[in-house]
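What follows is a single structure, written as structure tokens, with notes after it.
For reference, positions follow the sequence shown, starting with 1.
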Amino acid sequence: MKWTVLCDNRTSDPGLATEHGLSVLLETDRHRVLLDTGASDVFLRNARQLGIDLGTVDYVFISHGHNDHAGGLRAFLEINGGAKVIVSPEALRGRFYSKRLSLHSITTAWPEIPSQRLLAMEQSGMIADDLFVMARIPQVHPVPKGNCHLFVQDGEGQYMADDFRHELALYTGGLLFTGCAHSGLENILAACPYPVKTVVGGFHLLDNQETGEELRALANRLVERYPGVTFYTSHCTGDETFQTLHDSMGDRLHAFSCGKIMNI
């Protein structure tokens, strides 16, 4: 199994573009899966720079309705005529807003998705023999405090706290992709019915939200409850937050950025 970061907030390669968004190409023995599409066509331009042909991708997985994860879907569908689109119907019909700094829409401008290509996931289930999608993730553990800035708009124009029923996570062959983990990293891990060896994605642990004590407690729980798991994060995990977690987790936690390639 191989995964390559095509889009992220950060890069160690000056030849690759960055943006506030996330996109990862996952290659298994059976499938090529595009995990999120960032906010624009940055992931496509970086893929070309890396010599990667996304025309052969057979699934594109959209973790949730925010435009920093699904904004590039239109560009992807223009260069790939066959991949199935895995997404929550709640993501497709939701109107999402952030009140961080100022009120602004973070709703995706969805392209038309042909019905034969759309896999709308209302409930958790198998997509293929080696792809499992988790939906409606139970929130029994704490969720990220940064969620307090995020809202959905109802039919009457009222803003309500986003409960992230539109968020999905994907598992295959020991790897768990969290998207932004708005539902909480611990909740996503608890909802996965299969053994996890590697976690990849954002953790939505912004700087100056959780206290240092809360972050250290989370890190200790992850180390103790999931002793065989290695974690990789970036995008919506703050730099200071990462350092605090890393101080407790050591080599169990790694950062990624644009161009990162891992074979596991």
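- Screening T108, T107, T37 for a side-chain contact (heavy atoms from CB on, under 4.5 Å) involving N67 leaves a single residue, T108.
- Note that OG1 of T11 is 4.5 Å distant from CG of L16, once rounded to the nearest 0.5 Å.
- A donor and an acceptor atom, one from each side chain of D207 and T241, are located under 3.5 Å apart.
- Expressed to the nearest 0.5 Å, how far CD of E122 lies from OG of S88 amounts to 6.5 Å.
- Between D8 and K260, no side-chain nitrogen of the basic residue sits less than 4.0 Å from a carboxylate oxygen of the acidic one, so the salt-bridge criterion is not met.
- Residues F96 and V152 meet the side-chain proximity criterion, which asks for heavy atoms closer than 4.5 Å.
- For D29, there are no salt bridge (Lys or Arg N to Asp or Glu O under 4.0 Å) partners two or more places apart in sequence or in a different chain.
- To the nearest 0.5 angstrom, R252 atom CZ is 9.5 Å from H254 atom NE2.
- Using cut-offs of 30° and 60° for the angle between ring planes, the W3 and Y232 rings count as perpendicular.
- Although no hydrogens or angles enter the test, the distance criterion places a donor-acceptor pair under 3.5 Å between the side chain of N187 and the main chain of V140.
- Proximity of a side-chain donor or acceptor of E19 to a complementary backbone N or O of V42 within less than 3.5 Å is not detected.
- Under the 30°/60° scheme for interplanar angles, the aromatic rings of H166 and H66 are found to be tilted.
- Applying the side-chain hydrogen bond (donor to acceptor under 3.5 Å, both in side chains) definition to pairs two or more places apart or across chains, those involving residues 211-220 are K145-E214, T211-E214.
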*asked:* Is there a side-chain contact (heavy atoms from CB on, under 4.5 Å) between L168 and I62? Walk through the geometry before answering.
replied: CA-CA 8 Å; L168 305 175; I62 302 297; over 6 Å; no
Tell me which donor-acceptor pairs under 3.5 Å the side chains of residues 224-231 have, and how far apart each pair is, sequence neighbours excluded?
unit_1 : atom_1 : unit_2 : atom_2 : d
R225   : NH1    : E186   : OE2    : 3.2

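- Relative orientation of the F43 and F76 rings is tilted, given thresholds of 30° and 60° on the angle between their planes.
- In this structure, the separation between CG on L176 and OG1 on T198 is 9.5 Å, given to the nearest 0.5 Å.
- Looking at D130, its side chain never comes within 3.5 Å of a backbone N or O of T172 through a donor-acceptor pair.
- No side-chain donor from either of D239 and Q243 sits under 3.5 Å from a side-chain acceptor of the other.
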_Could you walk me through whether H31 and D58 satisfy the side-chain hydrogen bond (donor to acceptor under 3.5 Å, both in side chains) test, starting with their C-alpha distance in whole Å, then the side-chain angles of each, then the deciding distance to 0.1 Å, before giving a yes or no?_
CA-CA 6 Å; H31 301 290; D58 52 345; 2.8 Å; yes
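- None of I86, I127, L26 except one satisfies the side-chain contact (heavy atoms from CB on, under 4.5 Å) rule with F61; the exception is I86.
- Within the 4.5 Å cutoff, the side chain of H20 has heavy atoms near those of the H235 side chain.
- Checked by atom type, the side-chain pair N147/H182 shows a donor-acceptor distance below 3.5 Å.
- Within the 3.5 Å criterion, the main-chain N or O of G202 finds a donor-acceptor partner in the side chain of T178.
- R136 CZ to R165 CZ: the interatomic distance, rounded to the nearest 0.5 Å, is 5.5 Å.
- Taken to the nearest 0.5 Å, the CD1 atom of I188 stands 9.0 Å off from the OG atom of S63.
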